[in-house]
Amino acid sequence: MGENGMKLLTIVGARPQFVKAGPVSRELSAAGIAEVLVHTGQHYDANMSDLFFKELDLPEPQYHLGIGSGSHGAQTGKMLELLETVIQKEAPDAVMVYGDTNSTLAGALAAAKLNVGLIHVEAGLRSFNRTMPEEANRVVADHLSQLLLAPTPTACANLSREGFVEYSGNGHDRGGKASTGRYALVGDVMKDALLAARAISRRNGNGSSSGLRARSYYLASLHRPANVDDPERLRLWFDAFMRADLPVLLPMHPRTRRAAEEAQLLSGIREPLRIVEPLGYLAMVDATANARAVLTDSGGLQKEAFLLGVPCVTLREETEWLETLEEGWNQLCPDPLELWKHVQTPPRNGEICSAVYGDGHAAKKIAQCLTHWL
Ligand code: UD1
C-alpha cells in the first residue's frame with residue numbers, strides 16, 4: 001500500500017513499454033502511489049528487456065511471468081491466465097497497461113474480467129488499419145478502460161469520435177457530481193523519457209555510440225509483421241537499404257533476424273547495410289540524434305526522430321503519429337522501390353523541439369490524474 005493508501009498494478013512486457021513505464025513509475029512513487037510491476041516476459045532477450053530496466057531505472061518487477069514467444073492467441077492466452085491469478089492475489093485498486101502489444105491486450109482483458117478498474121496509457125491512437133495486430137489491441141484496451149490517458153489532441157479526437165467523454169482533471173463535472181468522463185490529455189511519456197536520455201547523453205559527451213560520424217549514416221529499424229513476415233518483401237527492404245549513398249545501420253529486431261535467417265537472406269547482406277544487434281535505449285537515442293535520417297516502421301522511433309529534428313521515412317502506409325508528418329519531417333513510404341525519393345530534408349541541428357507531444361511532464365500529469373481518479 002502507498003503512502004496515500006493506493007495500490008496500482010502495472011503490466012509491461014515489450015520493449016517500448018519499458019521506455020514508457022520508466023518516467024511514470026518514478027512519478028507514481030513520488031506521489032505516494034504503491035506500484036506492483038508485472039513483466040509478462042513477452043520480450044525476454046537481455047538486450048530487449050534487462051538492459052532497458054537498468055537504463056530506465058525501472059524497479060525489478062515483482063512478478064515475471066516468463067511467457068516468451070508464441071502465436072498471438074497462445075501468447076495472449078497464457079498471459080491472461082497468469083495475470084488473472086496475480087491480480088486476484090494483489091487485489092489492486094486499478095490495473096495500468098501501456099500502448100498496444102499483446103501484453104496490453106492480456107492485461108486489459110484480465111482486469112475487465114475481474115471488474116478491476118483499468119487505466120490505459122497512450123490511449124486513442126488509431127492507424128485505422130485493422131490488419132495490424134496492434135490496432136486490435138489498442139481498440140480493445142481503450143474500450144475496456146475506465147481512464148484513458150491520451151498523448152495528443154489527435155488521440156483525444158479519435159476517442160471523442162468513438163463516444164468517449166473527456167475526464168475533468170479534478171474528477172468532478174461542473175455541477176460537482178463525480179465526472180462521467182473517461183479520457184484526459186496528458187502528453188506523451190516517451191517525450192519525458194527522451195528528455196531524460198538526452199540529458200544523460202549531454203553529461204556523457206553527446207557522441208554517437210554507433211562508431212559512425214554524425215550525419216554520415218542512416219539509422220534503420222524494421223519489425224512489423226507486414227514488412228518482415230513475407231520473405232520477398234523483406235528482401236526488397238534489404239535491397240533498398242543496400243542502394244544507400246551512406247552506411248545504413250540496422251539494429252536488427254529478433255523477429256526480423258529470425259525471418260531473415262529462415263529466408264536465407266543474411267548471407268546476401270553487404271555494405272552499405274550494416275546489421276547489428278538491437279541497441280539499448282540510450283544508444284538508440286544517440287544513434288537517432290546523430291543520423292542523417294531515420295528509416296523505420298516503429299512508432300516510437302518516428303516520434304524520437306521528429307523531436308530530435310532528424311528526418312524520418314516511415315516504412316508503412318499509415319502512421320498513428322500524424323503530427324510527425326508536419327512540414328514533411330516524416331514521410332510515409334510503403335514501397336521499398338520508392339525509398340530514396342523520400343530522403344531529402346536536411347536534419348535540423350537542434351535539441352528537442354515542438355510542443356505537440358506535451359511539455360515533457362506527461363508522467364507527472366498521469367500521477368496527478370491518478371491521485372484524483374483512484
Ligand atoms: C511486439 C509488439 C509490437 C511492438 C514490438 C516492439 C505485439 C502484437 N507486437 O512485436 O507492437 O512494436 O513488440 O519490439 O505485441 N523475440 C526474441 N526475443 C525477444 C523478443 C522477441 O527472440 O526478446 C522474437 C521471437 O522469435 C518472437 C518474435 O521475436 O516470436 C516476435 O516477438 P513478439 O513479442 O511476439 O512481437 P514483436 O514483433 O516484438
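This chain uses plain numbering: 1 for the first residue, then up along the sequence. Heavy-atom basis, side chains included; hydrogens, waters and symmetry copies ignored.
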>> For Asp192, is there an ion pair with Arg26 - N to carboxylate O distance below 4.0 angstrom?
In response: no

>> I'd like to know if Lys20 pairs up with Glu122 as an ion pair, taking the criterion as any Lys NZ or Arg NE/NH1/NH2 lying under 4.0 Å from an Asp or Glu carboxylate oxygen.
In response: yes

> Quick check: are there more than 12 heavy atoms from other residues, nucleotides or ligands sitting under 6.0 Å from CD of Glu232?
Replying inline: yes

> Any side chain to side chain donor-acceptor pair (under 3.5 Å) pairs touching residues 47-61, not counting sequence neighbours?
Replying inline: His39-Ser49

> Under the 3.5 angstrom rule, does the side chain of Ser29 hit a backbone N or O of Ser25 as a donor-acceptor pair?
Replying inline: no

> Can you list the steps and then say if Phe52 with Arg15 is a side-chain contact (heavy atoms from CB on, under 4.5 Å)?
Replying inline: CA-CA 7 Å; Phe52 282 72; Arg15 200 167 53 170; 3.4 Å; yes

>> Starting from Val343, can I reach Phe238 by hopping between I/L/V/M/F/W/Y residues whose side chains sit under 4.5 Å apart?
In response: yes

> Within a radius of less than 6.0 Å around NZ of Lys365, do more than 12 heavy atoms belonging to other residues, nucleotides or ligands occur?
Replying inline: yes

> Are Leu279 and Phe241 connected in the hydrophobic side-chain network, where two residues link if heavy atoms are under 4.5 Å apart?
Replying inline: no

> How far does CD of Gln75 sit from OG of Ser69, to the nearest 0.5 angstrom?
Replying inline: 6.5 Å

> Is there any ring-ring contact (aromatic ring centres under 6.0 Å, His included) pair reaching into residues 242-261, and which pairs are they, with sequence neighbours excluded?
Replying inline: His43-His253, His223-His253

>> Could you check whether any side-chain N or O of Thr152 sits under 3.5 Å from a backbone N or O of Ala155, counting only pairs where one atom can act as donor and the other as acceptor?
In response: yes

> Does Gln331 use its side chain to pair, donor to acceptor, with the backbone of Val313 at less than 3.5 Å?
Replying inline: no

>> On a heavy-atom basis, which atom in Ala108 and which in Ala141 lie closest, and how many Å separate them?
In response: CB-CA, 4.0 Å

> Does a donor on one side chain sit under 3.5 Å from an acceptor on the other, for Ser127 and Glu318?
Replying inline: no

>> Quick check on Glu338: does its CD atom have over 12 non-hydrogen neighbours (other residues, nucleotides or ligands) under 6.0 Å away?
In response: yes

> Does Gln17 use its side chain to pair, donor to acceptor, with the backbone of Gly13 at less than 3.5 Å?
Replying inline: yes

> Between the side chains of Asn227 and Trp237, is a donor N or O closer than 3.5 angstrom to an acceptor N or O?
Replying inline: yes

> When rounded to the nearest 0.5 angstrom, what distance separates CZ in Arg126 from CD in Glu162?
Replying inline: 4.0 Å

> What distance do Asp188 atom CG and Asp359 atom CG have between them, rounded to the nearest 0.5 Å?
Replying inline: 11.5 Å

> Got a donor-acceptor contact below 3.5 angstrom from the Trp321 side chain to the Gly300 backbone?
Replying inline: no

> Could you go step by step and tell me if Tyr281 and Phe18 meet the side-chain contact (heavy atoms from CB on, under 4.5 Å) rule?
Replying inline: CA-CA 10 Å; Tyr281 179 60; Phe18 310 142; over 6 Å; no

> Do Leu8 and Val97 sit in the same hydrophobic cluster, where Ile, Leu, Val, Met, Phe, Trp and Tyr count as joined when their side-chain heavy atoms come under 4.5 Å apart?
Replying inline: no

> With distance as the sole test, does His120 use its side chain to make a donor-acceptor pair with the main-chain N or O of Tyr98 at under 3.5 Å?
Replying inline: no

>> So does Ala287 get a backbone contact from the side chain of Tyr217, meaning a donor-acceptor N/O pair under 3.5 Å?
In response: yes

> Could you go step by step and tell me if Met96 and Leu28 meet the side-chain contact (heavy atoms from CB on, under 4.5 Å) rule?
Replying inline: CA-CA 12 Å; Met96 186 153 79; Leu28 291 177; 4.0 Å; yes

>> Between the side chains of Asp239 and Arg235, is the shortest nitrogen-to-carboxylate-oxygen separation below 4.0 Å, so that they form an ion pair?
In response: yes

>> For Arg274, is there an ion pair with Glu271 - N to carboxylate O distance below 4.0 angstrom?
In response: yes

>> If you compare all heavy atoms of Asn102 against all heavy atoms of Met79, which two are closest, and at what distance to 0.1 Å?
In response: O-SD, 3.7 Å

> Is it true that Arg257 and Glu277 have a side-chain N and a carboxylate O under 4.0 angstrom from each other?
Replying inline: yes

> Do Tyr183 and Ser145 have side-chain N/O donor and acceptor atoms under 3.5 Å apart?
Replying inline: no

>> Distance check, rounded to the nearest 0.5 Å: Asp286 atom CG versus Leu219 atom CG?
In response: 11.0 Å

>> If I compare all heavy atoms of Ala289 with all of Val310, which pair ends up nearest, and what's the gap?
In response: O-CG2, 3.9 Å

> Within the side chain of Glu135, is there an N or O that forms a donor-acceptor pair under 3.5 Å with the backbone of Phe128?
Replying inline: yes

> Should Val36 and Pro92 count as side-chain neighbours, where that means a heavy-atom distance under 4.5 Å?
Replying inline: no

>> The test is side-chain contact (heavy atoms from CB on, under 4.5 Å); show your working for Gln302 and Thr319 and say whether it passes.
In response: CA-CA 9 Å; Gln302 288 170 53; Thr319 177; 2.6 Å; yes

> Are any non-hydrogen side-chain atoms of Phe306 and Val356 less than 4.5 angstrom apart?
Replying inline: yes

> Does the side chain of Thr104 come under 3.5 Å of the side chain of Asn137 through a donor N or O and an acceptor N or O?
Replying inline: no

> Got a second to check how far Thr288's OG1 is from Leu301's CG, nearest 0.5 Å?
Replying inline: 4.5 Å

>> Membership question, hydrophobic clusters at under 4.5 Å side-chain separation (ILVMFWY): are Met242 and Leu266 in the same one?
In response: yes

>> Quick one: does any side-chain atom of Lys7 pair with a main-chain N or O of Glu90 as donor and acceptor, under 3.5 Å?
In response: yes

> So, does Gln42 use its side chain to make a donor-acceptor pair with the main chain of Ser103 at under 3.5 Å?
Replying inline: yes

> At what distance, to the nearest 0.5 angstrom, does CG of Asn158 lie from CG of Leu148?
Replying inline: 12.0 Å

> Charged N to carboxylate O below 4.0 Å: is that the case for Arg224 and Glu134?
Replying inline: yes

> Are Ile269 and Leu222 joined in one hydrophobic group, where the rule is that I, L, V, M, F, W and Y side chains link up if heavy atoms are under 4.5 Å apart?
Replying inline: yes

> Considering all heavy atoms of both residues, which atom of Leu56 and which atom of Val19 are nearest to each other, and what is their separation?
Replying inline: CD1-CA, 3.6 Å

